[in-house]
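Below is one structure, written out as structure tokens, with a few remarks after it.
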Amino acid sequence: LQRGDTGLFWIDYSNLPSTEWASHLSQASKSSTGRADLPLYWGAHETIQGVLDFTQNSRLRLEKILTLAHSQKVSVRVHLGFNSDERSFPAWTKTLAPTAVIPVANGKDLFGEIETKTSPSLLNEEVKKGFFLFLEEVFNILNLYAQPQGPIEAIYFNWGPLQQDSNLIDSKSLSRYLESRYGSVSQLNALYQTCFRDFDSASSRMGIRTLFDKRPWIAAWDFKNGRSHFLCQIESEINKNLEARALASLTRFSGEGPLEETTVKAPIFIEDTLIETLGEERSPFPLMVLGQLTPAAISAFRLAEMVRLGAARNGTKVDVLSRWEPSSGVGVATILASKFVSGKKADLLLDWVSKGGKLFFPFGLPQWDEKLNVVKWGESTEREKKRVEQEELLCMKWMKGQVWVPVKEWEKSPQLHSRVAKVVDSFE
Amino acid sequence: VDLFKNIFSHSLNTECRYQFVRATQLNQSPFLFCETVLGNLVRVLELKDEGFNLLLEPQRAEEIASWVKTQNLPVICLNHTEIPPQSYHPSPSSLWRVLLPFPWNAIDPEGTSKGKTLEFSDPLFEKDWRNLKNAFDSLEAELKKSEISAILVKDAPCPMTFVFHYVRGRLMNAGIQAEVLSAEALQKSLGTSVTFLEMNKPKELNLLGLNASCEILQKTCESSRTLFPVALSSDPPIHFEL
């Protein structure tokens with residue numbers, strides 16, 4: 001049982017004697033939300049391949065705990081999917097290839113060893129089939145206990161560490177994804193300056209390496225999107241199953257719902273296409289593709305670590321740009337980016353500036369998006385040179401807001417935070 | 001149960017583990033720590049008195065790689081030669097792993113596996129690390145003697161007690177109390193056997209670097225005493241019927 005700061009009231013029922021469930025639910029009913037969060041572990045319910053247990057072992061009687069929750073008027077949020085818990089996957093899946101290769105998070109430490117580990121992968125047909133059979137059985141049960149007849153108010157589905165799997169892309173699905181994005185292979189070749197004959201050759205191991213050698217940022221963007229695309233395909237298969245039982249409206253997949261009820265309020269954001277961010281601490285990890293590291297990913301990782309260390313020493317908050325949202329509520333944001341930024345993010349940032357936000361880019365303005373289109377940071381701007389102590393800056397006014405850049409791009413050094421602080425203070 | 005929870009309510013965060021590093025004077029053995037992944041130099045840390053510096057600036061990896069070689073400090077390099085390692089075992093919860101912060105806890109001369117190597121620039125420095133690991137193992141052997149063990153660090157600017165919970169020799173929980181706990185108080189409150197150690201800086205410590213740390217750990221082991229539970233006077237006597 002855990003009671004986190006996030007408003008989640010976990011009852012890990014399969015790890016508790018069933019005789020204790022009632023008292024935990026009673027505590028949940030007295031909490032401010034009157035709600036309990038139940039994690040459903042596939043590995044707990046299927047210790048023997050093909051044998052799903054929801055009734056035999058007293059700790060696994062899902063219907064019993066749902067009935068108890070309903071009788072105690074406790075709303076239940078069910079959590080499905082994967083996390084770092086060993087029970088996420090059944091033991092029988094752990095020897096099946098191909099496997100996922102996932103970075104290991106360091107917990108709350110600022111730094112930790114760069115570790116990876118293998119995990120079962122949904123690219124293995126047997127694993128995927130087993131998981132779908134488990135879900136089918138789970139959905140059959142949950143269907144009987146959805147509100148108002150039962151206590152279930154929502155089902156959260158989290159891909160967890162599988163979202164950072166360096167292997168989670170088979171050449172067929174990557175090929176399909178690239179085709180949907182580029183239309184023709186000549187478009188892809190034009191962007192990457194390559195000469196692939198077809199999408200299949202671009203999606204082979206060698207092809208992926210070539211893409212990363214040619215345009216690392218765009219290749220990382222494509223890889224991450226291809227990976228999400230693959231997970232979305234599985235999500236849509238799961239959704240069909242949910243729709244058949246009228247559970248779809250209750251279900252939220254990773255990134256869609258309030259799995260973490262937090263708001264981002266950080267003044268410095270790191271563009272994170274070339275890194276993975278792990279755990280609640282969002283520790284950086286260099287993006288790995290098919291078990292390989294690229295120099296660009298290492299560079300991005302070093303920058304992220306340096307910024308994070310500086311932030312810890314200066315008491316500054318740092319987050320990643322992919323988590324930045326216009327509603328983040330800060331009037332000034334510093335963005336650490338290379339020459340690239342995703343088109344969608346650039347649009348959001350520009351819109352935010354037009355409403356009065358102030359952006360500062362110490363390493364210069366990102367110039368291109370993932371299609372190599374030039375990012376227009378406010379065309380009809382009023383430009384003005386300013387000086388803040390030793391820093392020479394260029395201020396571009398755009399509607400109600402401003403975009404600031406140094407006249408000469410800053411070096412990536414540990415003094416970054418103090419320099420940023422001086423400049424940002426002058427805005428206010 | 002509540003008392004037990006209270007004792008472990010403050011988990012060992014990074015700052016607590018740095019306090020242990022300071023108490024054992026490990027921070028007085030400066031060195032450079034490099035980490036490579038598949039031959040790529042990913043980070044260089046300079047460990048010194050109060051914490052560390054990240055030396056690898058993003059655009060200067062190659063320069064720093066050659067710069068490291070010219071330094072007077074001993075260098076320890078952790079190389080990840082396979083991604084992922086062929087046989088990954090989740091980090092065992094050994095005292096070394098739990099009590100020391102990164103990168104000290106990653107420098108386990110005995111703990112490398114296939115896919116991971118440790119290189120020491122100086123064989124004597126490597127020998128010192130092995131001695132340190134042995135001293136740590138001895139300390140853990142003392143702590144394992146009871147279900148609840150504690151190390152009292154009195155000499156620190158703020159005295160503190162590290163507490164450990166072992167079940168069948170396996171470390172289950174570690175915590176810190178920002179106060180001076182006594183063996184008797186712990187034993188009386190928990191009603192279980194308690195192993196209690198005191199870490200004091202020896203008065204005449206004519207040793208430097210890791211040797212000093214080994215000596216501190218050894219003296220700590222020597223201070224070990226175990227208190228066994230005693231039946232309370234109000235307990236009814238146990239009768240055996242034959």
Side-chain angles (χ1 to χ4, degrees), chain A residues 84-86 94 99-104 106-119 165-167 270 274 281 283-286 288-310 312-313 336 338 363 409-416, chain B residues 5 11-18 33-47 50-62 64-65 78-91 97-98 100-108 111-113 115-116 118:
Chain A
S84 56
D85 196 293
E86 282 290 301
K94 292 179 184 170
T99 54
V101 175
I102 51 178
V104 179
N106 312 314
K108 289 191 184 298
D109 289 349
L110 193 57
F111 289 106
E113 198 177 323
I114 294 178
E115 281 184 290
T116 50
K117 66 172 182 178
T118 54
S119 150
D165 176 9
S166 122
N167 284 353
I270 306 169
L274 283 158
E281 305 299 310
S283 320
F285 196 93
M288 243 175 225
V289 179
L290 304 173
Q292 297 291 320
L293 279 178
T294 63
I298 295 171
S299 245
F301 166 72
R302 286 194 206 114
L303 173 66
E305 277 219 319
M306 189 192 76
V307 172
R308 209 159 164 258
L309 176 63
R313 288 185 176 161
L336 306 177
S338 63
F363 305 144
E409 241 175 65
W410 286 6
E411 275 188 15
K412 290 160 182 142
S413 75
Q415 286 75 43
L416 181 81
Chain B
K5 273 186 192 166
S11 58
L12 290 182
N13 59 25
T14 313
E15 183 46 38
C16 297
R17 287 185 277 159
Y18 269 108
F33 175 80
C34 305
E35 195 168 1
T36 71
V37 178
L38 304 173
N40 302 291
L41 182 62
V42 176
R43 54 158 82 109
V44 180
L45 296 170
E46 182 191 27
L47 282 302
E50 289 300 318
F52 55 81
N53 266 338
L54 198 59
L55 291 179
L56 202 58
E57 291 174 16
Q59 70 277 32
R60 297 197 291 133
E62 294 73 23
I64 287 179
L78 176 64
N79 304 306
H80 302 274
T81 52
E82 281 176 37
I83 293 289
Q86 287 215 340
S87 53
Y88 177 83
H89 300 292
S91 306
R97 279 267 169 188
V98 172
L100 293 177
F102 180 81
W104 286 278
N105 65 3
I107 310 167
D108 180 355
T112 52
S113 53
K116 197 156 95 172
L118 261 181

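Because the structure is a prediction, the values reported are computed rather than measured. The chains referred to below are lettered A, B, ... by the order of the sequence lines, with proteins before strands, and numbering in each begins at 1.
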*Which region of A/Phe301, side chain (C-beta onward) or backbone (N, CA, C, O), has a non-hydrogen atom less than 4.5 Å from a non-hydrogen atom of chain B, or is it both or neither?*
side chain
_Which portion of A/Ile298 sits near chain B, non-hydrogen atoms under 4.5 angstrom_ = side chain
_Going by side chain to side chain contact (heavy atoms under 4.5 Å, CB included), name the residues that satisfy it together with A/Glu113, two or more places apart in sequence or in a different chain._
A/Glu115, B/Glu35, B/Leu78, B/His80, B/Arg97, B/Phe102, B/Ala106, B/Lys116
_Nearest 0.5 angstrom please: A/Lys117 NZ to A/Thr99 OG1, how far?_
12.0 Å
*Identify, with sequence neighbours excluded, every residue that meets salt bridge (Lys or Arg N to Asp or Glu O under 4.0 Å) alongside B/Glu46.*
none
*asked:* Main chain of A/Leu110, side chain of A/Arg308: is a donor-acceptor contact present, judged purely on distance under 3.5 Å?
replied: yes
*With a 4.5 Å cut-off on heavy-atom pairs, point out which of A/Gly112, A/Ser166, A/Gly310, A/Pro295 contacts chain B the most.*
A/Gly112
*asked:* Under a 4.5 Å cutoff for heavy-atom pairs, which residue among B/Val37, B/Asn40, B/Leu38, B/Ile83 has the most contacts with chain A?
replied: B/Ile83
